Structures are given as structure tokens and as C-alpha cells.
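Scope of the values below: all heavy atoms of this structure, side chains included, with no hydrogens, waters or symmetry mates. As the structure is a prediction and not an experimental result, all values here were calculated from the model. Naming: A, B, ... by sequence-line order, numbering from 1 per chain.
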Number of protein chains: 2
Amino acid sequence: MFSEIKLTIRQTQILDFLFEFQLKERMAPTYREIADHFGFKSTKAAADHVSALEKKGYLRRHGGRSRGIDLITLTRQSDQKVIGVPILGDIPAGTPEQIIEKQNGTFAVDVKLIGNIGHHRLFALQVRGDSMVGRGIHAGDWVIADADAVPHENNLVVALIDGENTLKTLARKERRYYLKAENPDYNDWIPVTELIIQGIVKIAIRQIY
Amino acid sequence: MFSEIKLTIRQTQILDFLFEFQLKERMAPTYREIADHFGFKSTKAAADHVSALEKKGYLRRHGGRSRGIDLITLTRQSDQKVIGVPILGDIPAGTPEQIIEKQNGTFAVDVKLIGNIGHHRLFALQVRGDSMVGRGIHAGDWVIADADAVPHENNLVVALIDGENTLKTLARKERRYYLKAENPDYNDWIPVTELIIQGIVKIAIRQIY
DNA sequence: GATTTCACTAAACATTTGTATAGTACAACT
DNA sequence: AGTTGTACTATACAAATGTTTAGTGAAATC
């Protein structure tokens with residue numbers, strides 16, 4: 001490829017500040033804001049540093065314009081990136097593949113919440129019933145589930161039972177897995193062989209009234 | 001379900017231009033650039049339109065700063081509309097006005113979750129401590145709060161006590177309001193006169209492991 | 001019919017901001 | 001030994017930009 005041009009310690013500090021400012025304030029700083037941050041008594045110092053960073057290819061400047069520093073690699077969206085997660089309809093099909101096809105719009109989820117999921121397929125659904133109140137999940141809540149995650153004990157899973165999506169906790173007794181409803185009123189332990197686990201719940205979203 | 005605050009044809013055109021400019025130029029336009037584009041002979045026309053859009057909650061302005069127009073909504077697609085909610089830093093200032101200024105990046109929230117907030121200011125913060133486990137809110141959870149909502153009894157509120165943000169339930173005993181921690185370990189009832197209620201929690205987001 | 005909102009013009013002011021000139025000091029190459 | 005690059009100060013100008021006061025006319029709302 002190409003070897004990056006080395007930066008001095010100070011130039012690295014300046015560049016770090018530029019990124020930080022852009023992320024926080026959602027705009028580029030002015031030379032005076034840079035100077036103030038570093039305690040420079042002249043704006044020329046800041047301008048010189050930015051000029052050096054431009055020469056070395058770390059940024060572009062839109063000459064004449066205020067706040068014209070353009071950090072090339074940082075898009076505005078990188079601060080606020082969302083993933084469109086398909087919403088599961090009320091009567092979903094069986095397999096995870098079909099789930100995505102039966103979608104009912106999408107739900108936007110901030111990547112801060114899910115991190116690096118790779119190519120995993122996610123889906124969203126709105127909770128009905130109160131089988132999961134024991135884990136703080138109530139009717140009307142939204143859950144985001146990962147269709148490709150490997151289930152582990154104590155995971156909150158989306159399972160398909162009799163054509164309906166239900167939320168259960170994946171439990172284990174000795175060597176056998178079961179599904180458990182987190183509500184004392186329910187006592188349904190269902191062996192995992194009788195059903196399909198469609199996804200592992202990663203995020204729960206509650207609207208508070 | 002919810003109706004958005006309506007825009008006039010001209011205001012829609014202005015908003016479209018703001019999105020277009022931000023996308024192309026990677027920065028917000030100035031009032032003169034807006035005026036030039038539309039052929040306005042006074043910058044006041046542009047400023048008035050932007051002011052109207054701010055009042056209707058379609059954008060925020062960073063007063064005094066050049067290119068200080070901050071488009072909150074990222075996408076204009078009706079399917080996947082998100083609002084950028086400023087994230088509160090760890091040591092926030094007192095009044096709701098100052099909250100927005102101390103922002104630390106933004107958090108994207110699907111409008112499906114919030115409905116019509118009008119021009120209410122929202123903010124996001126990550127929960128520390130376990131004072132709200134009784135209401136299913138744990139350390140690490142995200143909460144989205146409305147800085148302009150009117151507090152009611154039993155509301156989950158963000159309150160500023162001794163320079164720290166804490167979550168409490170707004171409770172009432174006879175005619176006086178108090179703040180209650182939803183954890184049997186805590187028993188702190190604080191009269192509302194001694195503190196500032198910064199916002200009413202509308203959404204809680206939990207990452208499930 | 002009165003008031004408010006919308007959509008601007010016109011002119012000006014104040015601040016913010018980019019840019020320039022002139023210079024100091026030091027370290028690193030060539 | 002001389003040049004180049006780094007890292008600034010000090011001052012200042014001019015352009016860019018936000019903001020304000022004062023107004024007009026039409027459309028919408030009360």
C-alpha cells in the first residue's frame with residue numbers, strides 16, 4: 001500500500017483533539033478553539049499544525065470556510081451509526097431465514113448497543129404477554145435478538161412454540177436443556193428438542209410511562 | 001399513532017437543503033449559503049426558517065457558533081427514522097439548557113419508541129449504581145430522558161443531587177412530592193425543593209448477556 | 001374583523017473566524 | 001555551516017458569519 005507519513009507527538013495530539021471535537025460537537029473546531037484547548041496564545045500555532053496535518057494527508061481543509069477542517073476518515077455517521085433490524089410480524093414463519101422475509105418494517109438500533117456482530121442476522125419483536133416479568137421484560141417492550149448467536153445457559157431466547165414466538169430462559173438440568181418462563185404463574189418446562197430457538201435476545205428496550 | 005409537527009412547503013425545502021448540504025459538504029451551511037441557494041436577498045429569511053425548524057424540533061442550533069446547525073434526524077426515510085439524542089457526560093451541569101452543551105456524542109433512537117415529542121429536548125445517559133433495580137433498571141443500562149416533560153407521580157426522573165445524576169422515582173405523600181430510590185437497601189426520601197429534576201425517563205435500554 | 005403565522009426585504013452591527021506578516025528558539029538533517 | 005522543519009508568540013487585517021431592528025404583504029387562523 002503506502003507508508004503513512006509520521007506525525008510528531010504534538011501533531012498526534014492535535015489530530016486526536018480534532019477527532020474528539022468532531023465527535024462531541026458534531027462540527028470541526030476553529031483555530032481559536034484549538035488554540036484555547038492547548039493553551040496557545042496565537043491562532044497561528046493551531047493553523048500551522050493543521051496545515052502540517054493537511055500536508056501529510058491526514059485531513060483536508062476547505063479554505064476560507066469557517067470550521068473547514070474535514071477529517072477524511074471520519075464520517076458524520078460514524079458517531080451515530082445505526083443498524084436497521086427487521087421487525088418480526090405477529091405470525092412469523094418457522095425458520096430464521098423466513099423471519100427476515102416476513103418483515104414488517106425495520107427498527108433502528110444504535111451500534112453502541114450491539115458492538116461488533118459480524119454478519120449475524122438480527123431481528124426485533126415486540127413482547128406480548130408477561131412470561132418474562134421475572135427478568136424485567138414486560139408486554140410492549142421491544143427486544144432485539146441475534147439469529148446466529150450460539151445459545152448458552154441462562155440466555156434469554158426467542159423460541160417458536162405452536163406457531164407463536166415466545167420469550168424463555170434457556171436453562172439446564174444436569175445435561176439436558178429446557179426452557180423456563182420467568183414468571184411464578186407459569187411453570188412450563190419445555191425440552192428444546194420440541195421447538196426451534198430462533199434467536200438470542202441481546203437488547204431489551206422498555207417504554208416507561 | 002403519532003403525528004409529527006407539520007412543516008410548510010418552504011420549511012421542507014429548507015430542511016431538504018440542509019440535509020443535502022451536510023451530506024455533500026460534510027458541514028452545515030451558513031445563513032448566507034442558505035439565502036444564496038434560495039435566492040433570498042436577506043440572511044434573515046434563512047435564519048427565520050432555521051429558527052422555525054428548530055422550534056418544531058427538526059434541528060438544534062449551537063448559538064453563536066458558525067455553521068452551528070445540527071440536524072438531529074439522520075435519515076429522512078420514513079421507514080427508519082432515528083433521532084440523535086445527546087449523551088450526557090459524567091459530570092453534567094445543572095440546568096437542562098446546559099445539559100445539551102456538555103454532550104459527549106449522540107445516541108440514535110428510533111422514533112417508533114418516542115412518538116411525538118414535539119420540540120422537547122431529549123438526552124441519553126448510562127446508568128451507574130443499582131438504586132433502580134426495583135424498576136428493572138440496572139447499572140450499564142441506557143436511559144433516554146425528556147428534559148421538557150412535565151413530571152407526574154410515579155415518573156422515573158433524572159435528578160441532580162450533589163452534582164451527580166441519579167435516577168429516582170417521583171413519589172407523593174399527601175400533597176408533597178418526594179424522590180424515592182427503588183431499592184430496599186436505600187431509603188433516601190428527598191424533598192423535590194432541594195434538587196433539580198433534569199428530565200423524565202421515557203425509555204430504558206438494557207443489554208442482555 | 002383582528003391576530004397570528006408565513007415569507008420575505010433592507011440595512012446594519014458585532015462577533016467569529018481564516019489568514020497574513022514578522023519574529024524567536026531549538027532540533028534535525030545535508 | 002546552512003537549510004529545513006517544529007513549535008510556538010504577537011499583532012492585525014479582512015472576510016465570513018451570526019444576530020438584530022424595522023418593516024412589507026399575503027395567507028391562515030381565531
When the distance from [atom1] of [X] to [atom2] of [N] is rounded to whole Å, what number comes out?
X: B:Arg60; N: D:dG18; atom1: CZ; atom2: P; result: 18 Å
X: B:Ile34; N: C:dA7; atom1: CD1; atom2: P; result: 14 Å
X: A:Leu7; N: D:dG5; atom1: CG; atom2: P; result: 16 Å
X: B:Met27; N: D:dG18; atom1: CE; atom2: P; result: 12 Å
X: B:Tyr31; N: C:dT9; atom1: OH; atom2: P; result: 16 Å
X: B:Phe38; N: C:dT9; atom1: CZ; atom2: C1'; result: 17 Å
X: B:Leu15; N: C:dC6; atom1: CG; atom2: P; result: 15 Å

Of all the heavy-atom pairs spanning [X] and [Y], show the shortest one and how long it is.
X: B:Thr43; Y: B:Arg32; result: CG2-CG, 3.3 Å
X: A:Val50; Y: A:Arg61; result: CG1-CD, 3.6 Å
X: B:Val109; Y: B:Leu113; result: CG1-CD1, 4.2 Å
X: A:Ala46; Y: A:Tyr31; result: CB-O, 3.5 Å

Are the aromatic rings of B:Phe123 and B:Phe107 close, with centres under 6.0 Å apart?
->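 No; B:Phe107 has its ring centre 6.0 Å or more from that of B:Phe123.
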Reading nucleotides 6-16 of chain D 5' to 3', which nucleotides get B (base under 4.0 Å from a protein heavy atom), which S (sugar-phosphate only), which -?
-> SSBBB-B---S
Take A:Arg67 and A:Glu33, measure what salt bridge (Lys or Arg N to Asp or Glu O under 4.0 Å) needs, and give me the verdict at the end.
-> CA-CA 10 Å; A:Arg67 302 184 182 276; A:Glu33 282 166 343; 2.9 Å; yes
